[in-house]
Amino acid sequence: MRFTHETLPQRVVFAPGDAATAVAAEVTALGGARVMLIASAREAALATRIAAAVPVVLHHDEVVMHVPVEVAERAREAAAAAGVDVIVTVGGGSATGLGKAVALTSDRPGGLPILAVPTTYAGSEATNVWGLTQGATKTTGVDDSVLPRSIVYDATLLSSLPAQLSVASGLNALAHCIDAMWGPRVDPIDQVLAGEGIRRLAGGLPVIAREGPLVEGIEQTLYGAYLAAVAFASAGSGMHHKICHVLGGMFNLPHAQTHAVVLPHVLAFNAPHAPEAERRIAAALDSSAAVEGLAQLRAAVDAPRALRDYGMPEEGIARAVGPVLAAVPPSNPAPVTEHNLTALLRAAWEGDPS
Ligand code: NAD
């Protein structure tokens with residue numbers, strides 16, 4: 001066995017029902033005296049409650065999905081003007097993403113540490129990946145300065161997430177696990193984390209879909225989402241993420257739903273060419289085959305089905321093929337051609353017949 005695995009340095013606190021206490025302790029540990037609190041208007045009241053015992057000098061609520069560069073620039077200017085020393089983000093991947101954009105461009109000596117308090121299953125809090133969108137092009141990059149130094153997970157914060165969004169966001173996390181199985185830097189540790197992530201997500205999501213936002217189902221899913229993000233950060237973006245990034249930037253599609261729709265198509269595409277990954281995914285889904293296991297889970301949670309339902313135009317299929325082809329890692333298990341990629345995108349656009 002020969003591999004190199006890098007473990008990212010980060011504190012992770014699971015504190016169900018106790019985010020405010022945990023956040024105060026983490027801000028103190030980070031030495032924060034002038035905190036920037038990033039949360040969208042929708043999450044503003046929640047964020048204020050969570051940060052009640054924290055020295056907040058700047059509330060910033062301009063949070064936009066896929067982080068447009070002009071939004072990032074306004075946030076960076078506000079942070080510099082207020083002289084902030086710690087960023088606390090409360091929200092989904094969009095709030096975390098804005099915090100990362102501010103940290104990335106900050107010229108504060110020693111950097112600008114982030115404490116992330118996630119309210120979706122997106123997982124951005126556990127990666128050193130940033131994303132910015134200029135016009136219709138989304139760019140992502142890797143930089144250790146954007147890795148949150150601390151995460152506080154409080155399952156009760158996700159009980160307000162609508163069921164459909166919980167399902168889509170949880171399937172976004174599942175996509176981290178599955179894409180990690182054949183990511184360009186995948187190693188055996190990533191595969192173990194991804195396998196356990198799949199197990200937890202497949203255990204928790206049907207509970208949320210069936211019984212509503214019970215803390216038990218949310219906790220399983222949240223823990224799975226964390227494992228998923230750690231595996232994904234180490235293994236790197238595979239074909240699935242390249243497709244979703246191109247589509248998300250080009251057509252301004254909702255992130256979680258796009259992942260949820262595309263995932264079964266990429267799994268069916270790659271599984272026959274990745275037997276070991278296929279076995280691991282099938283086992284984690286408690287199924288004899290990965291594709292069937294995912295289909296059963298998707299049926300149990302009433303998963304999003306078609307890209308056309310989320311605003312992607314049909315002519316967008318042809319437009320997306322070139323940029324995706326250029327981005328798919330050469331190590332992808334199945335060979336990718338203009339022809340088979342067009343067929344995959346068309347199937348995802350038209351919708352999963354299951
Ligand atoms: P989001 O953060 O935009 O949240 C989706 C919607 O849910 C928003 O309207 C938000 O206000 C609402 N919401 C969030 N939490 C809620 C709650 N608990 N209750 C009720 N409503 C709630 O979407 P997302 O899917 O979490 O994140 C998507 C973004 O994150 C994308 O830009 C994506 O590229 C990025 N992302 C980055 C990484 C990374 O590693 N860098 C990983 C995953 C996602």
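Indexing begins at 1, ligand by ligand and atom by atom, following the structure's order. Hydrogens, waters and symmetry mates play no part in the numbers below; they use all other heavy atoms, side chains included. Nothing fancy with the numbering, it's 1 onward along the sequence.
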What's the shortest distance from [atom] to any protein heavy atom, and which residue and atom give it?
atom: atom 38 (C) of ligand 1; answer: Ser124 CB, 3.4 Å
atom: atom 23 (O) of ligand 1; answer: Met65 CE, 3.5 Å
atom: atom 20 (C) of ligand 1; answer: Ser160 O, 3.4 Å
atom: atom 24 (P) of ligand 1; answer: Gly93 N, 3.5 Å
atom: atom 4 (O) of ligand 1; answer: Thr120 CG2, 4.2 Å
atom: atom 8 (C) of ligand 1; answer: Arg42 NE, 4.5 Å
atom: atom 16 (C) of ligand 1; answer: Leu161 CD1, 3.3 Å

(request) Start with the C-alpha gap between Val88 and Ile38, add the side-chain angles, then the distance that decides, and say whether side chain to side chain contact (heavy atoms under 4.5 Å, CB included) holds. (result) CA-CA 6 Å; Val88 175; Ile38 294 180; over 6 Å; no

N/O of [X] under 3.5 Å from N/O of ligand 1, yes or no?
X: His66; value: yes
X: Thr119; value: yes
X: His245; value: no

For [X], atoms of ligand 1 separated by under 4.0 Å from a heavy atom:
X: Thr127; result: 39 (C), 40 (O), 41 (N)
X: Leu157; result: 18 (N)
X: Val129; result: 39 (C), 40 (O), 41 (N)
X: Leu165; result: 6 (C), 7 (O)
X: Lys100; result: 39 (C), 40 (O), 41 (N)

* Taking atom types as modelled and ignoring hydrogens, do the side chains of Glu219 and Tyr153 form a donor-acceptor contact shorter than 3.5 angstrom? ->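 Absent: no donor and acceptor within the cut-off.
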
Heavy-atom closest pair (Glu278 atom, Ala271 atom, distance to 0.1 Å) is CG-CB, 3.8 Å

Shortest non-hydrogen pair, His273 vs Ala334, comes out as CD2-CB, 3.5 Å

Could you tell me if the side chain of [Y] sits less than 4.5 Å from the side chain of [X], heavy atoms only?
X: Ile218; Y: Tyr121; value: yes
X: Pro118; Y: Ile151; value: yes
X: Phe3; Y: His5; value: yes

Note: heavy atom closest to atom 25 (O) of ligand 1, options His255, Glu43, Lys138, His241, belongs to His255

Nearest heavy atom to atom 43 (C) of ligand 1, choosing from Ala122, Ser94, Gly92, belongs to Ala122

Which is it for Leu37 and His60 under the side chain to side chain contact (heavy atoms under 4.5 Å, CB included) test, yes or no, and what are the steps along the way? CA-CA 6 Å; Leu37 182 60; His60 195 87; over 6 Å; no

Does the gap between the ring centers of His241 and His259 come in under 6.0 Å?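 Yes, ring centres under 6.0 Å apart.
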
### Query
Can Gln220 and Val207 be said to form a side chain to side chain contact (heavy atoms under 4.5 Å, CB included), step by step?
CA-CA 10 Å; Gln220 287 269 336; Val207 177; over 6 Å; no

- Task: State which residue, out of Met250, His66, His245, fulfils the side chain to side chain contact (heavy atoms under 4.5 Å, CB included) condition with Thr133.
- Result: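 So, applying the side chain to side chain contact (heavy atoms under 4.5 Å, CB included) to Thr133 and each of Met250, His66, His245, only His66 qualifies.
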
